[in-house]
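Proteins get letters first, then strands, A, B, ... in listed order; numbering begins at 1 in each.
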There are 2 protein chains.
Amino acid sequence: MTTASNPTKERILSAAELLFAETGIATTSLRRITARARVNLAAVNYHFGSKDGLIDAVYERRLGPVTDEWLTNIERLERQYGDDPAPVEEIVEAFVLPVARLASDEVRGGRIFMRLLAQGYSEARHYFEKLFSSQYQHVLDRYRQALRRDLPDVPGETLCWRLQFLLGALTQGLSGGELLKLIEGQADPRDTERAVNELIPFLVAGLKAPAPKPAEQPRLEPAAGTADSEGEIA
Amino acid sequence: MTTASNPTKERILSAAELLFAETGIATTSLRRITARARVNLAAVNYHFGSKDGLIDAVYERRLGPVTDEWLTNIERLERQYGDDPAPVEEIVEAFVLPVARLASDEVRGGRIFMRLLAQGYSEARHYFEKLFSSQYQHVLDRYRQALRRDLPDVPGETLCWRLQFLLGALTQGLSGGELLKLIEGQADPRDTERAVNELIPFLVAGLKAPAPKPAEQPRLEPAAGTADSEGEIA
DNA sequence: GTATGATTGAAACATCTGTTTGAAACTCGC
DNA sequence: GCGAGTTTCAAACAGATGTTTCAATCATAC
């Protein structure tokens, strides 16, 4: 009914995903999408209601399986280890692998979507916040609690920060590595298997790091130059 | 001539930066910008030539000082330690602080720009690639080499990957933490000083992590469900 | 075959986009 | 005070955008 049985709907989704990732969501017109999908312009509004509906559908198609896998994995760990803390490595792997699997889904353009995901916070923020608070928050919290049990020396707040860093490194690392190309020609940014192999020790070590000393001295003394005050705008 | 002495130019830049960060670059019209800046519509084309010119100027205004500071810091370290390897902590701090200083520049809306930076790869990619290859690549390489000397056990490629992860965690961590809010209400995402304090141990530990074992078994066996083949689009 | 509902098609809709124009308003040296 | 150069302004420009319309086509059950 919803998938695969309806070819034009899927054609539109794939074309949209590709073009969104290539040139951004806002700058991609429905005409470019429908031309790429070899489908009539009106088909988008017919099948998805509006461009916003299409955007939602593009994200939904990919993110659903990831959430499911996240949930499956954490539940497996909880069952497996009971009240004992699961090893950090396994928790991290349980979190990273579903995303990596998405990124490595070449035939369905997974990596393209990863780039879309990395930019999601900006262009489709309202959708993300809705989606996040309804689904991911819950899952993410399970992972946080699992890590918490395993890292008694890391304060709760610090763990929150580190989860944020983890998410940043994860999306950046799996989104195809535009930056990596620029750092040096060496590593192949398309090698997801390799990316995972590199990511996990990095993240595990970061999570396990000793908690930062509370304050020391403030390191952010005001910058040297440029002291114009810049009037507010009403 | 160029800065501060020309009020409308600065007004446009600030209004554009704010709106770009709030609603994205492509979806922000010149009319919204000029209205916010209380300036005539034609002023943008008069002062910046085009919308693209304005986008460039917005990025340039913030990124110039960061690059300068990056360069200053790495040169100070090179001078200070000579042929000895500088401690990883200091290298990381020398890299993180200029960005953090930018993010904490509340009066000039630095954090807003950080969000813009985090989304920069997608919306202003062409500009970023130009800018990156002309400026950052060079600086980033100095940091990479400094770290390389200090981490002889970490293979070159692995270090490249880790630099990428570092950049991801850095932008995500300093961009105001939309995610952090959602993880849990605890930490204050606006506390840049705190973010730096948390970032540095995390990144240092990640960089120092033992190198990953080459291959093991492939961890990305194809996902369980969803086996529709998804026709290509020509 | 024919009638019913879902889908496609080409064309037009109003609106918004970045940019340009040319006249008015300034600034500043003389 | 005047006039050259810079900056502002309102108005218009051509083009692209998302959406709607309504007839044509398709599939399917009777």
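Summarising the geometry, the separation between OH on B:Tyr46 and C1' on C:dA24 is reported as 14 Å, rounded to the nearest angstrom. The distance from atom CG of A:Leu19 to atom P of D:dT17 is 12 Å, rounded to the nearest whole Å. Summarising the geometry, the separation between CZ on A:Arg11 and P on C:dT8 is reported as 11 Å, rounded to the nearest angstrom. Atom NZ in B:Lys9 sits roughly 9 Å away from atom P in D:dT7 (whole-Å rounding). In this structure, A:Arg38 atom CZ and C:dT8 atom C1' are separated by 16 Å, rounded to whole Å. Spacing between atom CZ of A:Phe48 and atom P of D:dT20 amounts to 16 Å, rounded to whole angstrom units.
A heavy-atom distance below 4.5 Å is found between the side chains of B:Ser14 and B:Arg61. A heavy-atom distance below 4.5 Å is found between the side chains of B:Leu30 and B:Asn45.
A distance of 9.0 Å separates CG of B:Leu174 from CD of A:Gln164, quoted to the nearest 0.5 Å. Between atom OG1 of residue B:Thr23 and atom CZ of residue B:Arg32 there is a gap of 4.0 Å, rounded to the nearest 0.5 Å.
Across every non-hydrogen atom of B:Gln172 and A:Gly168, the tightest pair is CB-CA, 3.5 Å.
Taking only side-chain nitrogens and oxygens, A:Thr8 comes nearer than 4.0 Å to OP1 or OP2 of C:dT8. In this model, the phosphate group of C:dA6 is not approached by any side-chain N or O of A:His47 to a distance below 4.0 Å at OP1 or OP2.
Minimum atom distance to the side chain of B:Asn45 is reached by C:dT20, of the listed C:dT7, C:dT20, D:dT8.
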Item to complete: Do nucleotides 11-17 of chain C as a string where each nucleotide becomes B, S or -: B if the base has a protein heavy atom under 4.0 Å, S if just the sugar-phosphate does, - if no protein is that close.
Response: -B----B
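Of the residues B:Leu203, B:Leu147, B:Leu167, B:Ile200, the one that meets the side-chain contact (heavy atoms from CB on, under 4.5 Å) test with B:Phe95 is B:Leu167.
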